[in-house]
Asks: 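The structure is given below, and queries will be raised subsequently.
All values derive from a computational prediction rather than experimental measurement. Proteins get letters first, then strands, A, B, ... in listed order; numbering begins at 1 in each.
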Amino acid sequence: MVRVRFAPSPTGHLHIGGARTAIFNWLFARHNKGKFILRIEDTDRSRSTEESIREILEAMRWLGLDWDEGPYRQTERMEIYRREAERLIREGKAYYCYCTPEELEVIREEMKKRCGVPKYDGRCRNRKEPREGVRPVIRFKVDTEGETVFHDLIKGEIRYPNSQLDDFIIVRSDGTPTYNFVVVVDDALMGITHVIRGDDHLNNTPKQIQLYRALGYEPPKFAHVPMILGPDRTKLSKRHGATSVMAYREEGYLPEALFNFLVRLGWSHGDQEIFSKEELIELFTLEAVGKSPAVFNPEKLLWLNHHYMKTYPVDKLSELLAEFLEKEGIVEDASKIDRKWLEEVVVAFRERSKTVKEMAHHCAFLFKAPESYDEDGVKKFFKPEVVPYLEAIAEEIENASQFTKEAIDEIFKRVLDRFGIKLKAVAQPVRLAITGRTVSPGLHEILLLTGKEESVRRIKKAVEFIKSLG
RNA sequence: GGUCCCGUCGUCUAGCCCGGUUAGGACACCGGCCUCUCAAGUCGGCGGCGGGGGUUCAAAUCCCCCCGGGACCA
């Protein structure tokens, strides 16, 4: 039975890189009908917060990453780590070290000169007596002979010279266990079969393998996924802009789009770009994960998001739009908006909006008549000669017995015929009158959505405005 | 500094294991078509094997060296 885990530390948001690691783990579990376990690595109490845990869980739910076990918390497992550390000491595989920071400094210098690596020389290995006034750390007895060889499911065979290693600390002098120790204890005790994580941990693996063996556990299979880089090819971080999953939700991205995008960053299946979750579960394998780091490309995410918006269930998208209309301060109370009508808004705008937030702003004119008109538009389209056209259209609309797409077609046809003009001559002036802008969905849509009376009002108002220009 | 990992269009990538393709797709960009604007759609264009040596009839692909980037250990 495949068992994998995602183990974030709750010291901030769930960021893009962590989310992708979680997704790969989740897909691997689902593909292999295994278990996906969530573990919170909160041993760093000074930097871990409850708020952060809540946010990470929320981000995972938003992405649709459900877990089968957990969330476990390392702070609740301290007793286990203590017990395992003591066991190592009892078995002579670990020892108390009383060296002071000053001594360590000197030792490292010496070792660096001797073998090129600034490491601990293991001098406390055979110490029998404690030292007065020094609280000891616990160090693990590392085998520095030969090399550690393992087969990484993504990177292939990794050979690492053990001479690089030293007796690293597994429990600090304040009694708290270190990362490399707890991660091994947890993964072993939780029965993790595959450790899928960022390749920044690749160099930690040899020492962890030694720990597994010393503790008497079989090491799991490892798969190190390359990191996500910013446009400047350095590790993606805050200074590259929005990097938290929740920030993308706030910006009006769809979870399906972010999910799809993140998977394709480093994983591929031939030329295919769009994948449903079901397809991904079916197709995902670690062999198809690339070895090289990937640069985060916001434009492609935007394209994918737009694609998902165009194919999203209209009722769901309209609910999201309602949410953003409120959040963006475009309407006071979105619950008052007629849902049927709002769905029509979605259909009219989704072709031309890349995010839900953008859509909210694009359709804002429907909720509030324009207070001003686009400056260039006024110069180009609000010419005196369009006044009679607009007046005619307003009048025709006013007198229309019904206000449908067909009726609007008829109205425009009659007006165009009467003046012997093309639609081009009035389309932009009408658009500017209704929306205040030169860009919008088609005339039918904006007129229909704005409504008969409001349309007449806006066109008449535009006529007054043009006249006032003199 | 030592060690480990990585290197195909600007970006994400297919192709590499198992040598023979006009090196394929996608985003972005540019242009045509469509058209009431903007999009969408559609057609086309631009653009790449980090460098150098080998091996071979033939190298993105196999071997060696170098260079570049990243990570880990302090």
Asks: Can you check nucleotides 15-24 of chain B for protein contacts, nitrogen or oxygen pairs under 3.5 Å, and list what you find?
Replies:
| residue | atom | partner | partner atom | Å |
| --- | --- | --- | --- | --- |
| rG24(B) | N2 | D271(A) | OD1 | 2.8 |

Asks: How many whole angstroms separate atom CZ of F381(A) from atom P of rC38(B)?
Replies: 9 Å
Asks: Could you measure between the two P atoms, the one in rG70(B) and the one in rA28(B), and give it in whole Å?
Replies: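 It comes out at 28 Å once rounded to the nearest Å.
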Asks: In whole Å, what separates the C1' atom of rG48(B) from that of rC16(B)?
Replies: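 Between the two C1' atoms, the distance is 16 Å.
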Asks: rU56(B) and rU13(B): how far apart are their C1' atoms, nearest whole angstrom?
Replies: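 Rounded to whole Å, the distance is 29 Å.
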Asks: Expressed in angstrom and rounded to an integer, what is the separation of I158(A) atom CD1 from rC6(B) atom P?
Replies: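 In whole Å, rC6(B) P and I158(A) CD1 are 6 Å from each other.
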Asks: L423(A) near the nucleic acid: base, sugar-phosphate alone, or nothing, with a heavy-atom cut-off under 4.0 Å?
Replies: base
Asks: Give one of base, sugar-phosphate or nothing for G377(A), where a contact means two heavy atoms less than 4.0 Å apart.
Replies: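 No contact at all - G377(A) keeps every heavy atom at 4.0 Å or more from the nucleic acid.
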Asks: Which nucleotide, rU37(B), rC27(B), rC5(B), lies nearest any side-chain atom of D199(A)?
Replies: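 For the D199(A) side chain, the nearest candidate turns out to be rC5(B).
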Asks: With distance as the sole test, does K354(A) use its side chain to make a donor-acceptor pair with the main-chain N or O of W303(A) at under 3.5 Å?
Replies: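 Side chain of K354(A) to backbone of W303(A), a donor-acceptor pair under 3.5 Å: no, none is there.
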Asks: Can you find a donor-acceptor N/O pair under 3.5 angstrom joining the side chain of K155(A) to the base of rC5(B)?
Replies: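 No, the side chain and the base share no sub-3.5 Å donor-acceptor pair.
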Asks: Could you tell me how far apart L302(A) (CG) and rC12(B) (P) are, to the nearest whole angstrom?
Replies: 17 Å
Asks: Quick one: are the ring centres of F150(A) and Y160(A) less than 6.0 Å apart?
Replies: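 Judged by ring-centre distance (under 6.0 Å), F150(A) and Y160(A) do not meet the cut-off.
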Asks: In the strands shown, is rC18(B) matched to any nucleotide by a Watson-Crick or G-U wobble pair with both distances under 3.5 Å, and which?
Replies: none
Asks: Calculate the interatomic distance between F296(A) atom CZ and rC27(B) atom C1'; express it in whole Å.
Replies: 13 Å
Asks: Kindly state whether the ring of W267(A) and the ring of F28(A) have centres lying under 6.0 angstrom apart.
Replies: no
Asks: Please name the pair of heavy atoms, one in Y212(A) and one in P220(A), separated by the smallest distance, quoted to 0.1 Å.
Replies: CZ-CD, 3.2 Å
Asks: Can you give me the closest heavy-atom contact between E371(A) and K368(A), atom names plus distance?
Replies: OE2-NZ, 2.8 Å
Asks: Rounded to whole Å, please give me the gap between CZ in F140(A) and P in rC73(B).
Replies: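 Nearest whole value for this atom pair: 17 Å.
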Asks: Spell out yes or no: do the side chain of E273(A) and the base of rG25(B) have one donor N/O and one acceptor N/O closer than 3.5 Å?
Replies: yes
Asks: Counting Watson-Crick and G-U wobble pairs only, both distances under 3.5 Å, name the nucleotide matched with rG47(B), or none.
Replies: none
Asks: From the options rA71(B), rC27(B), rU3(B), select the nucleotide whose nearest atom is closest to the side chain of Q164(A).
Replies: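 When the side chain of Q164(A) is considered, rU3(B) is the closest of rA71(B), rC27(B), rU3(B).
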Asks: Determine the Euclidean distance between corresponding C1' atoms of rA14(B) and rG25(B); express it in Å to zero decimal places.
Replies: 7 Å
Asks: Heavy atoms under 4.0 Å, any strand shown: does P441(A) hit a base, just sugar-phosphate, or nothing?
Replies: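 Counting heavy atoms under 4.0 Å across all strands, the contact made by P441(A) includes a base.
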Asks: Quick one: which of rC73(B), rC5(B), rU37(B) gets closest to the side chain of L202(A)?
Replies: rC5(B)
Asks: Give me the distance, rounded to whole Å, that separates rC33(B) from rC27(B) when you measure between the C1' atoms they each carry.
Replies: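 It comes out at 22 Å once rounded to the nearest Å.
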Asks: Given rC73(B), rC27(B), rC12(B), identify the nucleotide with an atom nearest to the side chain of K207(A).
Replies: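 Minimum distance to the K207(A) side chain belongs to rC73(B).
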Asks: Going by purine N1 to pyrimidine N3 plus the second Watson-Crick contact, or the G-U wobble pair, all under 3.5 Å, which nucleotide sits opposite rU11(B)?
Replies: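 rA26(B) is the nucleotide pairing with rU11(B).
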Asks: Identify the nucleotide, in any strand shown, that forms a Watson-Crick or G-U wobble pair with rU3(B), with both distances under 3.5 Å; if there is none, say none.
Replies: rA71(B)
Asks: Taking the P atom of each, how far is rG52(B) from rA60(B), in whole Å?
Replies: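 Comparing P positions in rG52(B) and rA60(B) gives a spacing of 12 Å.
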Asks: Can you tell which of rA40(B), rC4(B), rC72(B) lies closest to the side chain of E351(A)?
Replies: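 Selected nucleotide: rA40(B).
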Asks: Could you say whether R431(A) or M227(A) is positioned toward the 5' end of RNA chain B, judged by the nucleotide with the nearest heavy atom to each?
Replies: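 It is R431(A) whose nearest nucleotide is closer to the 5' end.
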Asks: For K310(A), answer base if it contacts any base atom (sugar-phosphate contacts may also be present), sugar-phosphate if it contacts only those atoms, and nothing otherwise; contact means non-hydrogen atoms under 4.0 Å.
Replies: sugar-phosphate
Asks: Who does rU61(B) pair with, Watson-Crick or G-U, both distances under 3.5 Å?
Replies: none
Asks: Under the side-chain hydrogen bond (donor to acceptor under 3.5 Å, both in side chains) test against H224(A), which residue among N203(A), D152(A), D199(A) passes?
Replies: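 So the option named by the test is D152(A).
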Asks: Before we go on, tell me: are the rings of H444(A) and F412(A) under 6.0 Å apart, centre to centre?
Replies: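 Not under 6.0 Å, so no.
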Asks: Does S244(A) offer a backbone N or O that forms a donor-acceptor pair with the side chain of H15(A) under 3.5 Å?
Replies: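 No, H15(A) side chain to S244(A) backbone: no donor-acceptor pair under 3.5 Å.
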Asks: Rounded off to whole Å, could you give me the NE2-to-P distance for the H306(A) and rC38(B) pair?
Replies: 16 Å
Asks: Given the P atoms of rG51(B) and rG10(B), what is the spacing between them in whole Å?
Replies: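 Per the computed distance, 12 Å lies between those P atoms.
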Asks: From rC36(B), rU11(B), rG7(B), pick the nucleotide closest to the side chain of S292(A)?
Replies: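 Selected nucleotide (nearest to the side chain): rG7(B).
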Asks: Using whole Å, what does the distance between atom P of nucleotide rG70(B) and atom CG of N203(A) come to?
Replies: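 Answer to the nearest Å: 15 Å.
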Asks: Considering only rA28(B), rC12(B), rG41(B), which nucleotide approaches the side chain of K354(A) most closely?
Replies: rA28(B)
Asks: Considering every strand shown, what is the Watson-Crick or G-U wobble mate of rC36(B) when both distances are under 3.5 Å?
Replies: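 rC36(B) is unpaired by these criteria.
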Asks: Between F349(A) (CZ) and rU37(B) (C1'), how many Å, whole number?
Replies: 13 Å
Asks: What is the nucleic acid contact for R159(A), judged by heavy atoms within less than 4.0 Å: base, sugar-phosphate only, or nothing?
Replies: sugar-phosphate
Asks: At their closest point, which heavy atom of H361(A) faces which heavy atom of E328(A), and how far apart are they?
Replies: NE2-OE1, 2.8 Å
Asks: Taking the side chain from R431(A) and the backbone from I434(A), do they hold a donor-acceptor pair closer than 3.5 Å?
Replies: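 Not at all, since once roles are kept as given, no pair shorter than 3.5 Å links the two residues.
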Asks: State whether K291(A) places a side-chain N or O below 4.0 Å from either non-bridging phosphate oxygen (OP1 or OP2) of rG7(B).
Replies: no
Asks: Please state the P separation for the pair rA71(B) and rA59(B) - nearest whole angstrom.
Replies: 36 Å
Asks: Starting at the 5' end of RNA chain B, which residue's closest nucleotide do you reach first, A288(A) or E157(A)?
Replies: E157(A)
Asks: Between K300(A) and rU11(B), does any side-chain N or O lie under 4.0 Å from OP1 or OP2?
Replies: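 No, because none of the side-chain N or O atoms of K300(A) sits under 4.0 Å from OP1 or OP2 of rU11(B).
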Asks: Are the aromatic rings of Y253(A) and F259(A) close, with centres under 6.0 Å apart?
Replies: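 Ring centres of F259(A) and Y253(A) not closer than 6.0 Å.
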